[in-house]
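Comments concern the structure below.
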There are 2 protein chains.
Amino acid sequence: MKKAKKAKLEAAGWKIGSAEDFLDLTKEEVAFVDMKISLSDSVREKRRAKRLTQTQVAKKIGSSQSRVAKMESGDPSVSVDLMMKTLLTLGTTRSELAKIISKRKSRRAA
Amino acid sequence: MKKAKKAKLEAAGWKIGSAEDFLDLTKEEVAFVDMKISLSDSVREKRRAKRLTQTQVAKKIGSSQSRVAKMESGDPSVSVDLMMKTLLTLGTTRSELAKIISKRKSRRAA
DNA sequence: GCAGTATATGTCAAATCAGACATGTTCGCA
DNA sequence: TGCGAACATGTCTGATTTGACATATACTGC
């Protein structure tokens, strides 16, 4: 299974087994998961741009390194709320946030 | 206390007592709460534009009328996740969502 | 007045998400 | 090779958010 697809399903809260599972998400669910992935990527980008470690970010937002790692990996246990709060804490403006939300994922090479 | 201010504090999870409480939010907290208010307003606008009752929206998103009411009133118990899922279900596109996020609140008459 | 419909508000148990911690992996460097 | 730093992953317990329900309020037409 393609990595992006896997990430989407997992972000939606599903576990991918060894069998060829297939679950169709509604259009809205796909949009929501895509958005979460955009936010997730942006957290990593913002953090790197500011040359901070996950531990340093964790301290800023009053959380832990593992939760920051989960944010960046698109773990389904992370809410949009938390990622947005994190981005804002990292100095992202509302209009930058808007760009992140609207951003279509550029297809990455698998 | 101004209504908008009250809404912000409440949306941030604080109860306003009778005494002249004052809690200063950080810049990021204010931005986050503003954003939630924008989303909240948008849920109501979108629903009305589609001429749906709260009960009908609740059914669409698999929730209850009371939760939709809370979304629209900016209740602090409502997450950004839920409001975004709702907006997407109501046909909002990601780029429209982006506009909502970036939107500065126009000052309402108190 | 009284129904009926729409929305608001408060509460609760169950589900989800949180921070914390342990531990595993990966990388660079001496 | 071994060490240390950064990051990933799994899992606890507690906090927050959830849908559901009861109930209140507001407005309509009769």
Side-chain angles (χ1 to χ4, degrees), chain A residues 3 6-7 9-17 29 32-33 35-37 39-90, chain B residues 3 6-7 9-17 29 32-33 35-37 39-90:
Chain A
K3 199 168 155 231
K6 182 166 179 289
L9 291 171
E10 288 182 347
W14 282 293
K15 290 293 173 200
I16 310 299
E29 285 167 337
F32 186 70
V33 171
M35 230 182 50
K36 284 186 78 168
I37 295 174
L39 288 165
S40 167
D41 290 348
S42 299
V43 168
R44 173 156 292 169
E45 285 161 18
K46 264 282 169 186
R47 176 177 65 81
R48 287 191 172 154
K50 299 199 91 181
R51 306 200 175 280
L52 297 170
T53 66
Q54 292 182 341
T55 304
Q56 288 172 316
V57 171
K59 187 170 181 185
K60 271 181 186 292
I61 63 172
S63 182
S64 57
Q65 178 268 325
S66 62
R67 194 131 291 274
V68 175
K70 284 180 222 290
M71 277 193 236
E72 295 186 358
S73 71
D75 190 287
S77 82
V78 178
S79 67
V80 169
D81 295 66
L82 185 62
M83 291 192 287
M84 286 202 163
K85 281 181 191 168
T86 301
L87 284 168
L88 290 170
T89 301
L90 289 176
Chain B
K3 198 170 157 229
K6 181 165 177 292
L9 292 171
E10 288 182 346
W14 283 293
K15 290 293 174 199
I16 311 299
E29 286 167 336
F32 186 71
V33 171
M35 232 181 49
K36 285 185 77 168
I37 295 173
L39 288 166
S40 167
D41 290 348
S42 299
V43 168
R44 172 157 292 169
E45 285 162 18
K46 265 283 169 184
R47 176 177 66 81
R48 287 190 172 155
K50 300 201 90 182
R51 305 199 174 282
L52 297 170
T53 66
Q54 292 182 343
T55 303
Q56 288 172 316
V57 171
K59 188 170 182 185
K60 270 181 187 289
I61 63 172
S63 183
S64 58
Q65 177 268 325
S66 62
R67 193 130 294 275
V68 175
K70 283 180 223 289
M71 278 191 236
E72 297 186 358
S73 72
D75 190 288
S77 83
V78 178
S79 68
V80 169
D81 294 66
L82 186 62
M83 290 193 286
M84 288 204 162
K85 282 181 191 168
T86 302
L87 284 168
L88 290 171
T89 300
L90 289 177

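Letters A, B, ... mirror the listed sequences (proteins, then strands); counts begin at 1.
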Problem set entry | Name of the residue among A/Q65, A/K59, A/K70 meeting side-chain hydrogen bond (donor to acceptor under 3.5 Å, both in side chains) with A/Q54 | A/Q65

Problem set entry | Spacing of A/D75 atom CG relative to C/dT16 atom P, expressed in whole Å | 14 Å

Exercise. Is there a salt bridge (Lys or Arg N to Asp or Glu O under 4.0 Å) between A/R47 and A/E72 once you walk through the steps?
Worked result: CA-CA 10 Å; A/R47 176 177 65 81; A/E72 295 186 358; 2.5 Å; yes

Exercise. Between A/L90 and A/I61, is any pair of side-chain heavy atoms under 4.5 Å apart?
Worked result: no

Exercise. What's the shortest heavy-atom distance between A/K36 and A/V78, and which atoms?
Worked result: NZ-O, 2.9 Å

Problem set entry | Neighbours of DNA chain D within residues 58-68 of chain A, by heavy-atom distance under 4.0 Å | A/Q65, A/S66

Exercise. For A/R51 and D/dA6, is the shortest distance between a side-chain N/O and OP1 or OP2 below 4.0 Å?
Worked result: no

Seminar exercise, completed: Per nearest nucleotide of DNA chain C, the residue lying toward the 5' end, B/S73 or A/L82, is B/S73

Exercise. What distance do B/T89 atom OG1 and A/F32 atom CZ have between them, rounded to the nearest 0.5 Å?
Worked result: 10.0 Å

Problem set entry | From B/M71 atom CE to B/S42 atom OG, the distance as rounded to the nearest 0.5 Å | 13.0 Å

Exercise. Which heavy-atom pair separates A/A58 from A/S64 by the least distance, and what is that distance?
Worked result: CB-C, 3.3 Å

Seminar exercise, completed: Taking D/dT11, C/dT7, C/dA18 as options, the one with an atom nearest any side-chain atom of A/K70 is D/dT11

Problem set entry | B/L82 side chain reached by B/R67 side chain, heavy atoms, under 4.5 Å | yes

Just the table, please: protein N/O against nucleotides 24-26 of chain C N/O, every pair under 3.5 Å.
none

Exercise. Base, sugar-phosphate, or nothing: which does A/R44 touch, judged by heavy atoms less than 4.0 Å apart?
Worked result: sugar-phosphate

Exercise. Does a side-chain N or O from A/S79 land closer than 4.0 Å to OP1 or OP2 of C/dA18, or not?
Worked result: yes

Exercise. Between the axis at one end of the helix from C/dG1-D/dC30 to C/dA30-D/dT1 and the axis at the other (five pairs apiece), what's the angle to 10 degrees?
Worked result: 30°

Problem set entry | Between B/D75 and B/S73: side-chain donor-acceptor atoms closer than 3.5 Å | no

Problem set entry | Rounded distance (Å) that lies between atom P of D/dT18 and atom CG of B/D81 | 7 Å

